[in-house]
Amino acid sequence: MIWDQIWMVIWTLLKIVAIVLPLIIVVAYLTYAERRVIGFMQGRMGPNRVGLFGFKLWGLAQPFADTVKLLLKEIIFPANANKFLFLMAPVITLATAFAAWAVVPFADGLVLADINAGLVYILAMTSLGVYGVIIAGWASNSKYALLGALRSAAQIVSYEIAMGFALVGVLIAAGSLNLTTIVHAQSGGIFSWFFIPLLPLFVIYFISGVAETNRAPFDVAEGESEIVAGFHVEYSGAAFALFFLGEYANMIMISSLTAIMFMGGWYSPFSGDSWIAQPSILWFFMKTGFFLLLYLWFRATFPRYRYDQIMRLGWKIFIPICIAWIMVVATVKVYRPDWIGG
Amino acid sequence: MKIFRYLKSLTLAELLKGMTVTGKYFFKRKFTIRYPEEKTPKSDRFRGLHALRRYDNGEERCIACKLCEAVCPALAISIDSEMREDGSRRTTKYEIDLFKCIYCGFCEESCPVDSIVLTDIHEFHFEGKDKNVLDKQQLLAIGDMREKDVATARKNDAEYR
């Protein structure tokens, strides 16, 4: 009896490691991919030097060199900073970014916690992340960090609403808050995926996701040309690395959620019985990778929004469109339930 | 009409246009020169590290006329001379301070016997605080090392001088 419980704890811990370790490696290579892709789009080579044992390998060892560099660096505490909160902030950011992965279904049944309110749990976790940002900005005792924290807090809170509304559309269509059920509702080829009936919500969700993670073109919180690095300007070494890890883990999170909610998760875009139409975890990875590429593509393409433009886009455009489309979806769901999410 | 502009902005057409441009550039050829492995071609007139040349029979060209010393705008060259046993005038000291030198090439232009030249060596360094002054032996050594390149470059460029 007691052994069963201990075994379950160990088994769960193993599963957590099996999710978190690959995630960290993906984050490391996402930073590499980002620099390479943006470099290529700007007509440059990007990092192509750091390799192993004298082989250059297109710079593939760059993330490890960066990690080692960051870990070896000193963590500097600003004068009069609140040390406890200063160190807690990156931990909060990282913990919430990783915790949300507990309910993400990678393939049919391949999920750590198949809870029936997974969507709510994810919204809660991504919203909690804003505390890390605010605490980091406040505890740094620096005006730039505080300004950056305020900017990103306001932005995250605003876009959370549009994001939540977009997900309301998904849960109306799927009739469930459970992520696995939501994916199941999209079975049967590319035309059953939710991004077609919910196209406006799909676009709004992903753009809000970009804004939520404070990525370009919504990166006023970082604003290199204005407030240096925003809320984490005073962070260095391992603490900075944690913020970085959290930010990129959130990017991957948003990408995978977009794949799950709107692009049919692990389902193949083809229908039928051939091998290419089989549902597979690879489809999920490919869809997530596509949205990650979009993140980088956006950053290479668009100039930064002004602050009032961000607020205007969030409040005056996204939220009204979301509400309107939710009504459309709800009406269709009531009168023609077989049209969406079969 | 304003309403059409709003509708157009909802299609994200402008954004997609921008992304097409960056998407195209992703696949374009990159013009980066990967420096230590690849190098840009150098002109025959490239002005790099200095050298003193010799005649084919091994006799140094410099006759200590001190025209280079006079013309040098940065006062980087200092020369001492004496009469050798065979009666010719030769340098006893020929030093170039590389910290002062601005690589203008006036010394080479002023030289009546093509002795002092600027080679195409641009990758060099000093391994000490006081190693910035090249003496006569070093300059002659550089000249011996690069004589072939220097001669070809001068020959190629001769008709344009």
Side-chain angles (χ1 to χ4, degrees), chain A residues 33-51 54-59 162 195 199-208 210-211 216-218 290-305 309 312-313 316-322 324-325, chain B residues 1-49 98-99 103 119-129 131-132 142 145-146 149 153:
Chain A
E34 171 167 37
R35 295 167 66 184
R36 280 294 259 190
V37 168
I38 292 179
F40 266 55
M41 287 181 175
Q42 294 169 346
R44 299 182 285 115
M45 300 296 304
N48 61 353
R49 290 276 143 186
V50 185
F55 296 101
K56 275 191 189 139
L57 302 168
W58 312 280
F195 82 98
L199 187 64
L201 298 184
F202 164 62
V203 174
I204 287 172
Y205 179 79
F206 189 64
I207 296 178
S208 302
V210 175
F218 302 96
F290 171 72
F291 288 113
L292 283 174
L293 176 69
L294 276 187
Y295 259 103
L296 311 183
W297 201 341
F298 287 166
R299 186 171 164 200
T301 309
F302 302 131
R304 189 179 303 134
Y305 267 108
Q309 291 171 329
R312 178 177 156 271
L313 185 69
K316 288 164 116 178
I317 299 175
F318 279 0
I319 293 176
I321 293 180
C322 267
W325 205 259
Chain B
M1 284 275 282
K2 224 174 176 183
I3 184 84
F4 287 121
R5 244 184 35 220
Y6 281 135
L7 287 177
K8 197 187 168 197
S9 76
L10 283 183
T11 63
L12 307 179
E14 309 277 337
L15 301 182
L16 291 176
K17 217 182 196 173
M19 287 177 71
T20 336
V21 173
T22 41
K24 262 186 216 149
Y25 269 87
F26 185 90
F27 295 104
K28 271 205 178 148
R29 212 180 117 227
K30 309 294 177 285
F31 293 96
T32 309
I33 305 279
R34 301 175 188 87
Y35 165 62
E37 295 89 16
E38 300 174 2
K39 285 173 188 174
T40 44
K42 267 182 269 186
S43 162
D44 285 331
R45 299 179 186 181
F46 191 91
R47 303 195 298 264
L49 193 62
L98 292 178
F99 283 176
Y103 302 93
T119 63
D120 61 354
I121 304 173
H122 71 279
E123 301 145 311
F124 54 89
H125 66 284
F126 320 123
E127 294 184 347
K129 277 190 271 187
K131 299 280 168 48
N132 56 311
I142 298 169
M145 191 172 68
R146 300 302 283 251
D149 300 340

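Given the structure is predicted, the values throughout are model-derived calculations rather than measurements. In what follows, every chain begins at residue 1, and chains take the letters A, B, ... in the order their sequences are listed.
With sequence neighbours left out, R312(A) forms a side chain to side chain donor-acceptor pair (under 3.5 Å) with no residue at all. In this structure, the side-chain contact (heavy atoms from CB on, under 4.5 Å) partners of F31(B), at least two apart in sequence or on a different chain, are R29(B).
A 6.0 Å sphere centred on OH of Y25(B) holds no more than 12 heavy atoms belonging to other residues, nucleotides or ligands. Remark: R49(A) CZ is packed, more than 12 non-hydrogen atoms of other residues, nucleotides or ligands lying under 6.0 Å away. Around atom OH of Y35(B), more than 12 heavy atoms belonging to other residues, nucleotides or ligands sit under 6.0 Å away. Heavy-atom contacts from other residues, nucleotides or ligands closer than 6.0 Å to NZ of K8(B) number 12 or fewer.
Remark: Q42(A) CD to K28(B) NZ distance equals 14.0 Å, nearest 0.5 Å. For the atom pair L293(A) CG and F26(B) CZ, the distance stands at 7.0 Å (nearest 0.5 Å).
Along residues 13-22 of chain B, the residues that come nearer than 4.5 angstrom to chain A, judged on non-hydrogen atoms, are L15(B), G18(B), M19(B), T22(B) in order of number. For residues 119-129 of chain B, a heavy-atom distance under 4.5 Å to chain A picks out no residue at all.
At a 4.5 Å heavy-atom cutoff, the contact between V37(A) and chain B is made by backbone and side-chain atoms alike. For a residue to count as touching a neighbouring chain, one of its non-hydrogen atoms must lie under 4.5 Å from one of that chain's; by this rule I321(A) touches chain B with the side chain only.
Minimum heavy-atom separation, R44(A) to K30(B): O-CD, 3.3 Å.
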